[in-house]
Undergrad: 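Quick one: this structure, given as C-alpha cells, is what I'll be asking you about.
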Amino acid sequence: MVAQLVWVANMNSFKKQILLFTLPLLTILPLLLFLTTHTQAGDDPPRYHRLSHMGPDGDILYAGINPAITYNTVDEQFLVVWQADDDTDLLVDEEFEIYGQLIDARTGQEIGPDDFRISFMALDGNNLINADDPAVAYNPVDNEYLVVWSADNNIFPQVDGEFEIFVQRVAANGELIADPIKISDMGPDGDPIYDARNPEVVYNPTDHEYLVIWEGDDNSNDLIEGEFEIYGQRLTAPDAIELAPNDFRISDMGPDGFSLYDATSPAVVYNELANEYFVVWEGDDDIEGASEIYGQRLTATGIETDTNDFRITTVGFITDTTYDAINPSVAFNPLTNEYLVIWEGDNDTISTMVEGESEIWGQRLTANPLTEIGPNDFRITHMGPDGDPTFDAVSPEISYIPTYNHYVVLWDGEHNRTPYVEGEHDAFVQTLSATGDKLGRIGSRITDIGLAGSQLYDAADPAFHYDPIRRHFLLVWQGDDTNSDDEIEIYGQFFYETSTYIPAIWSP
C-alpha cells in the first residue's frame, strides 16, 4: 500500500503582508523563504494519517502501540517503529512483535515495505513470547538504522518470561541486515525472574558506535531479583558487536541487596562537544517509594564521571512519598553546553496544586561540571485548573532545535478547554528558549483525533523527530479514531513552528 500524508493549511495573503511590514528589514528575506515553504493552519483542525494496519479493520483485538521515530539525513526519510500484534502469517492475537514504516520527508509518502516486520521472536503462533518497547537510532555513516527492543524467547538458552534486549540492523530501504542480536545478560540464562526492559539507543558519530541503555535486575555482586538498576552496552557500528565492559551498571539506587529501591525509565543523549553521554532515569534512593530524577555522565567508553547518581529533582518534602518525578527525557544544547531534563510529576512547591496532579517540569544543567542552573524544577505545562488532579500531562519528550537554538517539548495531555473534556487525550507542544522560558502559546494542542469532546478517542504515547532540511517535525502516536473505538493504531502528522512559535500543520 502507498499512502500519502496530506494536510491542508491556510494563511491568507493579507495576514502575510501585515506580518512582513511590521518586522525589521533584516528579517524579511528569511521569513519570505519560510512562508514560501510553509503555510499556517490557523483554526483549521489538524489532519493526520494512519501509519499502521494491524489486523483487520474494525477488530479491536489487534493493536499498534509504543511508537518511536528517527530521521535519515542521507535519504531524507523517517523510520517509525512500534510494537504490535497482527494477523499476518501464523501470528495470533496478543503475539507482539516490532514493526516499522519508512516515511518520505519530502512527499509524506509511505515508502518501502508496508508495516514491515522487524522482530521474529520464537515460532509464529505463540502469544506467550513477545517483543516490547522499541527504540531506534540512525547511523549516517553506513546509512542504516539500529532498532532495539525488549523480548523473551523460548529458544535455548533463553526461556519464556526471560526478557532481554535485542538489536536489529535495518537498511535505508527497510530490509533487515543480518540476524537480530541479544546484547543483554541479566541474571543466569534460563532464569525468567531476571529481566531487561525499556531500552533506549543513541548513535555516537565521533567513535562510530552505539550506546544502548535499559532498566534491568541482575544477580551480579550483591544484587537480588526485583532490584532494578540502569545498565548500558556499547556496540560497534555498523555490526553491533559488543564492546567491553559487558552490561555495565550505571545507577546505584539504595543499598545493594534491597529490592525496595529501583532505577527505571532511562533516557540518554550524546554530547558531541565532550564525546560523552548523559543518562537520566527515575529512581527512589534514600527514601523508598519517593521517585526523583537522577543523572549520570559517562565517558565515551562507558566510565562514570562527575557526581555519582546526581539528583536533579526535589518534588515534595524529602520524606514525603506522595509526590513523584517520573518518565524523564533529555536534550543537549551544544551552543550553551547545557542539558535540559524534563519529566512528568506532581510537586508541592506550588500552593495551588495538589497531590496526584501531574504536569511536565524541567531543569537546566551545565554539562561540565554537572550543575543545576536557572529556576529549580520549573513548570512547563498547565493542563486543566490548578488543584484538579483529573487533568494530567504525561509521557514527555524533548528535542533541541539547533536552527533556532531552542527546545520543543511534547506530551500527552488532557485539558478542560471547550469542547474538550477530562479523559480525552491529545498531544501538546511547548517551545522553550535556550534558558527555559516559554515561547508563544502556552500548551498548544497538535492532535485532534476522533470527535472533540469524546472520551472514546485518544492520542497517546506521542513521539516526534525534527527534519532539519525542511524545518518541520513528524509526530507519531498510538490512538483510536472514529473508524473504531478501542482499535489502537499508529498515526502520523507533520507540523512546524510559526514565527510566533505556534504549531501549524505542514503539507508536503
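Note that the coordinates shown come from a computational prediction; the quantities given were computed from them, not determined experimentally.
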Undergrad: Flag the pair Pro389 / Met353 as yes when at least one side-chain heavy-atom distance between them is below 4.5 Å, and no otherwise.
TA: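 No. Closest side-chain heavy atoms not under 4.5 Å.
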Undergrad: For residues Phe116 and Val170, determine if any side-chain heavy atom of one lies less than 4.5 Å from a side-chain heavy atom of the other.
TA: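 Of all side-chain heavy-atom pairs linking Val170 with Phe116, at least one is under 4.5 Å.
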Undergrad: Please tell me if the side chains of Ile442 and Gln430 come closer than 4.5 Å, counting only heavy atoms from C-beta onward.
TA: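 Answer yes - side chains close enough.
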Undergrad: Atom CG of Asp388 and atom CD of Glu422: how far apart are they, to the nearest 0.5 Å?
TA: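 The CD atom of Glu422 is 8.0 Å from CG of Asp388, to the nearest 0.5 Å.
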Undergrad: Do Asn72 and Asn143 have side-chain N/O donor and acceptor atoms under 3.5 Å apart?
TA: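 There is such a pair between these side chains.
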Undergrad: Test side chain to side chain donor-acceptor pair (under 3.5 Å) on Thr447 and Asp426 and set out the steps.
TA: CA-CA 6 Å; Thr447 62; Asp426 271 302; 2.6 Å; yes
Undergrad: Quick one: CD1 on Ile293 to CZ on Phe310, what's the gap to the nearest 0.5 Å?
TA: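 Ile293 CD1 to Phe310 CZ: 13.0 Å, rounded to 0.5 Å.
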Undergrad: Please round to the nearest 0.5 Å and tell me the distance separating atom CZ of Phe428 and atom OG1 of Thr381.
TA: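 Reported to 0.5 Å precision, the distance equals 10.0 Å.
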Undergrad: Assess whether side chain to side chain donor-acceptor pair (under 3.5 Å) is satisfied between Thr352 and Asp386, documenting all intermediate values.
TA: CA-CA 6 Å; Thr352 55; Asp386 282 359; 2.9 Å; yes
Undergrad: Which one of Trp82, Phe96, Trp477 satisfies the side-chain contact (heavy atoms from CB on, under 4.5 Å) criterion with Ile65?
TA: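 Going through Trp82, Phe96, Trp477 one by one, the side-chain contact (heavy atoms from CB on, under 4.5 Å) with Ile65 is satisfied by Phe96 alone.
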Undergrad: Quiz question: by atom type and distance under 3.5 Å, do the side chains of Glu276 and Thr305 form a donor-acceptor pair?
TA: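 Thr305 and Glu276 do not have a side-chain donor-acceptor pair below 3.5 Å.
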Undergrad: Could you check whether Asn337 and Asn368, counting side-chain N and O atoms only, form a donor-acceptor pair closer than 3.5 Å?
TA: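 There is no such pair (donor and acceptor under 3.5 Å, judged by atom type) between the side chains of Asn368 and Asn337.
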Undergrad: Does the side chain of Tyr420 come under 3.5 Å of the side chain of Asp448 through a donor N or O and an acceptor N or O?
TA: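 The answer is yes; a qualifying pair exists.
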Undergrad: So among Tyr138, Tyr203, Tyr277, Tyr145, which one has a ring-ring contact (aromatic ring centres under 6.0 Å, His included) with Tyr210?
TA: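 Among Tyr138, Tyr203, Tyr277, Tyr145, the one meeting ring-ring contact (aromatic ring centres under 6.0 Å, His included) with Tyr210 is Tyr203.
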Undergrad: Can a side-chain donor-acceptor contact be found between Tyr294 and Asp309 if the only test is distance below 3.5 angstrom?
TA: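 There is no such pair between these side chains.
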Undergrad: Exactly one of Tyr496, Phe495, Phe494 should register a ring-ring contact (aromatic ring centres under 6.0 Å, His included) with Trp506. Which one does?
TA: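 Checked Tyr496, Phe495, Phe494 against Trp506; only one passes ring-ring contact (aromatic ring centres under 6.0 Å, His included): Phe494.
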Undergrad: For residues Glu215 and Thr264, is any side-chain donor paired with an opposing acceptor at under 3.5 Å?
TA: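 Not at all, the side chains of Glu215 and Thr264 share no donor-acceptor pair under 3.5 Å.
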Undergrad: Among residues two or more places apart or on two chains, list those pairs meeting salt bridge (charged side-chain N to carboxylate O under 4.0 Å, His left out) that have a residue in residues 498-508.
TA: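 For residues 498-508: none.
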